**Student:** 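Pasting in a structure now, in structure tokens, and then I'll have a few things to ask.
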Amino acid sequence: MRDLIKPVSEVLGPVLAKMGLADFDLESIIGPATDRSHGDLAIPCHQFSRILKKSPVAIAEEAAEKMNDQLKGIAKATSVAGFLNITAESRWLGDRLSELAEHPTYGVEKNTTRTVVVDYSSPNIAKEMHVGHLRSTVIGDSLVRILEFKGNTVIRENHVGDWGTPFGMLIERLEDLESEGIQPSDALSDLGIFYRDARSSFDSDEKFRERARKRVVALQSGDEATMARWKQLVDLSFSYFDEVYDMLGVLLTKDDVRGESYYDSLLPSVVERLDDSGLLSNNLGAEVMYPGDWVNREGNPLPLIIRKGDGGYNYATSDLACIIDRTERLGADDLIYVVGTEQKQHFQMVFAAARIAGFLHEKHTSTHVPFGLVLGSDGGKLKSRSGGAVRLLDLLKEAIQRASAAVINRNPDMDPLEIQSIAKSIGIGAVKYSDLKADRTKDYIFDWEKMLSFEGETGPYLQYAHARIRSILARSGDEASLEKPLNYTLPSNEEARLAREILAFPESVDIAASELAPHRICKHLHRISQAFGSFYEHCPVLMVDDSLRIERMSLCALTGDILQIGLELLGIDAPSRM
RNA sequence: GGGCGUGUAGCAUAGCCUGGAUAAUGCACCGGCCUCCUAAGCCGGGGACCGCGGGUUCGAAUCCUGCCGCGCCCGCCA
């Protein structure tokens with residue numbers, strides 16, 4: 001209810017001044033009421049007690065009394081237990097609602113117009129996508145949508161692992177399979193098995209290991225046959241990734257891919273620039289930087305290794321090249337990395353190094369957006385190579401299949417194609433919502449039942465609220481009449497509650513954008529859906545007369561639109577039927 | 001050992017940055033509601049020393065501090 005703060009403080013300021021309480025920062029003393037039943041805003045008066053030598057109760061009472069005349073048409077002031085409570089009038093709420101309905105983005109201002117690069121998803125070539133990629137992909141995609149909606153120019157970057165020493169063994173494995181008569185497309189049909197077998201040959205077979213080493217050298221030097229093999233690995237992996245992305249419904253495309261291999265050629269120049277600035281020092285033959293006060297286990301300064309003793313490079317160098325590329329080539333202002341918590345210190349060091357080296361200037365921001373682990377039901381980390389890991393593709397398929405069963409159960413006569421489409425929206429929505437709804441820094445336990453249950457605080461609950469709204473509007477037969485703006489009178493508690501939740505939507509988007517926290521939108525959409533659920537049960541829409549019917553239809557349309565937009569910001573579909 | 005994060009009803013979480021009232025939500029549990037716009041829903045109920053101890057404050061889940069539990073990081077790996 002932030003819109004109420006301004007008109008209230010205009011009245012509150014002079015009233016407090018008259019009472020002998022000048023020079024208060026009104027913004028900081030007015031807050032939302034803890035309990036909605038007390039009002040929309042609250043000003044605790046206990047802090048004034050000492051100054052005025054009066055009880056908080058008396059102060060709150062006096063202020064409420066003095067404010068009420070001037071607040072007429074806006075809100076009503078009351079006092080309880082030393083709290084000055086402000087409750088918006090329905091008329092004021094209705095006017096704000098009209099404004100919001102007319103606003104092109106429902107009150108969300110496009111007022112942060114920076115160029116933002118969001119680095120997310122980042123699967124590895126020739127390696128299975130697993131639940132860890134789910135989190136980065138889903139969270140990153142939502143952040144892209146939110147930041148874009150706020151007016152930023154957002155560039156998506158999928159930093160895939162398509163380079164480095166593992167490719168020696170992967171290419172050799174591909175060679176071996178082909179000599180056994182197995183086509184590359186079949187060899188890579190199950191990436192989990194392919195990677196595992198390559199790994200085990202590498203670990204157990206000395207000759208294979210030697211071939212892999214030579215192959216890495218050939219790859220680095222651009223050997224034609226090797227590059228062709230590499231390209232096969234990359235292309236076949238991408239077609240697999242695309243299948244996953246398509247099923248997930250994320251914005252990422254092939255154009256967003258910029259792998260390790262792209263930065264590889266830029267690495268020497270990174271070293272050169274650091275060296276020219278005199279930032280490199282030699283540590284046991286390696287070129288290193290000391291970007292901060294980090295120490296290792298022995299208490300010695302922790303170096304950021306720029307070039308290894310053998311002349312090779314580490315991730316840190318590649319990440320620096322990446323920063324240069326994004327700020328200088330793409331013109332990025334803000335760099336966002338949606339990468340697991342375990343890499344926190346790595347990013348801190350890289351960012352610090354980039355600042356020192358002048359790759360990041362004053363105007364740039366660089367933010368690591370960490371997320372917690374996905375745990376198994378035993379509380380242990382869910383690993384991709386441990387054999388029992390859940391393939392992302394299987395997970396998504398099962399989600400859709402379960403949703404499909406539920407849709408058929410409810411709509412036995414529905415067209416199969418529509419069932420399929422709705423089941424996809426619901427199943428994927430359920431998975432995404434469960435990943436987004438909590439503070440992303442926390443770990444969560446992967447639970448099929450919870451993820452796919454369609455009850456409670458879930459994606460389907462929000463989708464259901466939206467579908468009911470569309471259903472009402474479709475039945476009304478006069479959706480066109482909704483075009484004209486009208487006055488909202490909000491006669492019932494349920495309508496006023498719904499109005500309040502709708503009006504608070506822009507604020508939750510703003511918070512989500514500034515905190516890079518999609519769960520703030522999840523929580524708010526759930527509140528809106530709850531308010532709508534209550535409205536739906538208590539306020540008949542189509543069977544009331546004239547003006548009330550129009551008002552309620554309009555309220556439905558507004559709620560539906562906001563749920564749709566909100567879900568879109570999370571990357572979740574909003575089907576019209578369920 | 002050092003650094004970072006986390007701890008809130010039986011379970012899963014929100015709130016913590018920016019301190020205010022009976023700590024919010026979902027699952028599970030108990031009791032109501034489908035001749036009426038989709039019951040994937042709605043209404044009501046029980047259930048919490050907000051990890052523990054100090055401190056600051058008129059007031060602490062929230063800020064400071066010390067412990068304890070759990071996790072992650074501290075590679076010439078990626």
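In the text below, chain A, chain B and the rest are named by the order of the sequence lines, each starting its count at 1. Since this is a predicted model, take the numbers as computed values, not measurements. Hydrogens, waters and symmetry mates play no part in the numbers below; they use all other heavy atoms, side chains included.
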**Student:** Looking at B/G20, B/C73, B/A78, which one has an atom nearest to any side-chain atom of A/Lys308?
**Tutor:** B/A78
**Student:** With a 4.0 Å limit, can you tell me whether A/Asn314 has a side-chain N or O closer than that to the phosphate oxygens OP1/OP2 of B/G75?
**Tutor:**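 Indeed not, no polar side-chain atom of A/Asn314 lies that close.
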**Student:** For A/Asp162 and A/Ser261, does a side-chain donor sit closer than 3.5 Å to a side-chain acceptor?
**Tutor:** yes
**Student:** Using 4.0 Å as the upper bound for N to carboxylate O, is an ion pair formed by A/Arg552 and A/Glu495?
**Tutor:**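 Salt bridge present between A/Glu495 and A/Arg552.
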**Student:** How many Å lie between OH on A/Tyr444 and C1' on B/U6, as a whole number?
**Tutor:**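 That distance rounds to 18 Å.
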**Student:** Going by the angle between their ring planes, with limits at 30° and 60°, are A/His524 and A/Phe505 parallel, tilted or perpendicular?
**Tutor:**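 Plane angle between 30° and 60°, so tilted.
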**Student:** On a whole-Å scale, what distance lies between the C1' atoms belonging to B/G5 and B/C16?
**Tutor:**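 Those two atoms are separated by 14 Å.
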**Student:** Taking CZ from A/Arg497 and C1' from B/C42, how many angstroms apart are they, rounded to a whole number?
**Tutor:**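 In whole Å, B/C42 C1' and A/Arg497 CZ are 11 Å from each other.
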**Student:** Which value, in whole Å, describes the distance between the P atoms of nucleotides B/C64 and B/C4?
**Tutor:** 13 Å
**Student:** Could you check whether A/Ser471 gets within reach of a base, just the sugar-phosphate, or nothing at all, counting any heavy atom under 4.0 Å?
**Tutor:** base
**Student:** Once you apply a heavy-atom cut-off of 4.0 Å, does A/Arg307 come out as touching a base, just sugar-phosphate, or nothing?
**Tutor:**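 Touches nothing.
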**Student:** May I ask you to decide whether A/Asp203 forms a salt bridge with A/Arg196, counting only side-chain N to carboxylate O separations under 4.0 Å?
**Tutor:**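 No, no charged N to carboxylate O under 4.0 Å.
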**Student:** Scan A/Ser576 against the nucleic acid and name what it touches under 4.0 Å (heavy atoms): base, sugar-phosphate only, or nothing.
**Tutor:** base
**Student:** 5'-most contact on RNA chain B: A/Trp163 or A/His519, nearest heavy atom basis?
**Tutor:**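 Its nearest nucleotide being more 5', the pick is A/His519.
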**Student:** Are A/Phe83 and A/His38 near enough that their ring centres are under 6.0 Å apart?
**Tutor:** no
**Student:** Counting heavy atoms from C-beta on, name the nucleotide in B/G2, B/G7, B/G1 closest to the side chain of A/Lys442.
**Tutor:** B/G7
**Student:** To the nearest angstrom, how far is A/Phe532 atom CZ from B/A39 atom P?
**Tutor:** 11 Å
**Student:** Here's a test for you: under ring pair (Phe, Tyr, Trp, His ring centres under 6.0 Å), which of A/Tyr263, A/Tyr313, A/Trp230, A/Tyr262 qualifies with A/Trp163?
**Tutor:**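 That would be A/Trp230; it is the only one of A/Tyr263, A/Tyr313, A/Trp230, A/Tyr262 passing the ring pair (Phe, Tyr, Trp, His ring centres under 6.0 Å) with A/Trp163.
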**Student:** Choosing from B/C16, B/C74, B/U13, which nucleotide comes nearest the side chain of A/Ala438?
**Tutor:**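 Given the options B/C16, B/C74, B/U13, the side chain of A/Ala438 is closest to B/U13.
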**Student:** Does A/Arg468 make a side-chain N or O approach to OP1 or OP2 of B/A39 shorter than 4.0 Å?
**Tutor:**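 True: A/Arg468 side-chain N/O within range (under 4.0 Å) of B/A39 OP1/OP2.
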**Student:** Taking B/G26 as the reference, what is the distance to B/G41 when you measure between their P atoms (whole Å, please)?
**Tutor:** 10 Å
**Student:** Considering every strand and a 4.0 Å limit on heavy-atom distances, what is the contact class for A/Asn124: base, sugar-phosphate, or nothing?
**Tutor:** nothing
**Student:** Using a cut-off of 4.0 Å on non-hydrogen atoms, how would the nucleic acid contact of A/Arg475 be classed: base, sugar-phosphate, or nothing?
**Tutor:**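 Sugar-phosphate: the residue A/Arg475, judged by heavy atoms under 4.0 Å, touches backbone atoms but no base.
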**Student:** If you look at every strand shown and take non-hydrogen atoms under 4.0 Å, does A/Arg410 touch a base, only sugar-phosphate, or nothing?
**Tutor:** base
**Student:** Without decimals, in angstroms, what is the distance between A/Leu525 CG and B/G26 C1'?
**Tutor:** 16 Å
**Student:** State whether the aromatic ring of A/Phe83 stacks on the base of B/A21, taking stacking to mean ring centres under 5.5 Å apart and ring planes under 30° to each other.
**Tutor:**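 So yes, this residue stacks on that base, both cut-offs being met.
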**Student:** Rounding to an integer number of Å, can you tell me how far A/Glu342 CD sits from B/A78 C1'?
**Tutor:**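 After rounding, the gap between these two atoms is 11 Å.
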**Student:** Among B/G71, B/A21, B/A78, which is the nearest nucleotide to the side chain of A/Thr34?
**Tutor:** B/A21
**Student:** Using the C1' atom as the point on both nucleotides, what is the distance between B/G46 and B/G2, in whole Å?
**Tutor:** 47 Å
**Student:** Looking at every strand, decide which applies to A/Leu302 at a 4.0 Å heavy-atom threshold: base, sugar-phosphate, or nothing.
**Tutor:**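 The residue A/Leu302 makes sugar-phosphate contact but no base contact.
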**Student:** Of all the nucleotides listed (B/C37, B/A78, B/A40), which has the minimum atom distance to the side chain of A/Thr165?
**Tutor:** B/A78
**Student:** Can you identify which nucleotide, out of B/A40, B/G75, B/C37, has its nearest atom closest to the A/Ile472 side chain?
**Tutor:**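 Within the option list, the nearest is B/C37.
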**Student:** In this structure, how many angstroms lie between the C1' atom of B/G10 and the NZ atom of A/Lys450, rounded?
**Tutor:** 11 Å
**Student:** Hey, does the side chain of A/Ser453 come within less than 4.0 Å of B/A40's phosphate (OP1/OP2), counting only N and O?
**Tutor:** no
**Student:** Between A/Ile43 and A/His538, name the one whose nearest nucleotide on RNA chain B is closer to the 5' end.
**Tutor:**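 It is A/Ile43 whose nearest nucleotide is closer to the 5' end.
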**Student:** Rounding to an integer number of angstrom, what distance separates B/C34 and B/C43 when you compare their P atoms?
**Tutor:** 15 Å
**Student:** Base, sugar-phosphate, or nothing for A/Asp439, non-hydrogen atoms under 4.0 angstrom?
**Tutor:**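 Sugar-phosphate contact only - A/Asp439 comes under 4.0 Å of backbone atoms but never of a base.
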**Student:** Of the nucleotides B/G20, B/A40, B/U25, which one has an atom closest to the side chain of A/Gln530?
**Tutor:**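 Of all the options, the side chain of A/Gln530 is nearest to B/U25.
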**Student:** Determine whether A/Ile469 and A/Tyr536 make a side-chain contact, defined as any pair of heavy atoms from C-beta on separated by less than 4.5 Å.
**Tutor:** no
**Student:** To the nearest Å, give me how far apart CG (A/Asn296) and P (B/C74) are.
**Tutor:** 11 Å
**Student:** So, is B/C34 syn or anti if syn means the angle is within 90° of 0?
**Tutor:** syn
**Student:** Would one find a side-chain N or O of A/His526 under 4.0 angstrom from OP1 or OP2 of B/U13?
**Tutor:** no
**Student:** Assign A/Cys539 to base, sugar-phosphate, or nothing according to its heavy-atom contacts below 4.0 angstrom with the strands shown.
**Tutor:**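 A/Cys539: base contact, heavy atoms under 4.0 Å.
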**Student:** Quick check for you: among B/A21, B/A14, B/G41, whose closest atom lies nearest to any side-chain atom of A/Val80?
**Tutor:** B/A21
**Student:** Could you label the plane-to-plane angle of the A/His130 and A/His133 rings as parallel, tilted or perpendicular, counting under 30° as parallel and over 60° as perpendicular?
**Tutor:** tilted
**Student:** Ignoring the backbone of A/Asn85, work out which of B/C37, B/G71, B/A21 is nearest its side chain.
**Tutor:**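 My answer, after comparing the listed nucleotides, is B/A21.
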**Student:** Describe the nucleic acid contact of A/Ala465 in one word from base, sugar-phosphate, nothing, applying a heavy-atom distance below 4.0 Å.
**Tutor:** nothing
**Student:** Using atom C1' of each nucleotide, how far apart are B/A21 and B/C67 to the nearest Å?
**Tutor:**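 So the two C1' atoms sit 32 Å from each other.
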**Student:** Using the P atoms only, state how far B/A23 lies from B/A61, rounded to an integer number of Å.
**Tutor:**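 Roughly 9 Å separates the two P atoms.
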**Student:** Rounded to the nearest Å, what distance is computed from the CG atom of residue A/Asn493 to the P atom of nucleotide B/C43?
**Tutor:** 12 Å
**Student:** For B/C37, does OP1 or OP2 lie under 4.0 Å from any side-chain N or O of A/Arg470?
**Tutor:**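 Negative; the distance criterion is not met.
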**Student:** Would you state whether a donor and an acceptor, one from the side chain of A/Asn409 and one from the base of B/A40, lie under 3.5 Å apart?
**Tutor:** no
**Student:** For a quick check of understanding: with a heavy-atom distance under 4.0 Å over all strands, which category does A/Gly285 fall into, base, sugar-phosphate or nothing?
**Tutor:**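 Base contact.
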**Student:** Do A/His38 side-chain and B/U22 base share a donor-acceptor contact under 3.5 Å?
**Tutor:** yes
**Student:** Can you check the distance between B/G7 and B/C50, where both ends of the measurement are the C1' atom (answer in whole Å)?
**Tutor:** 10 Å
**Student:** Classify the side-chain pair A/Asn283/A/Tyr290 by whether it contains a donor and acceptor separated by less than 3.5 Å.
**Tutor:** yes
**Student:** Among B/G5, B/A28, B/A39, find the nucleotide with the atom closest to the side chain of A/Tyr536.
**Tutor:** B/A39
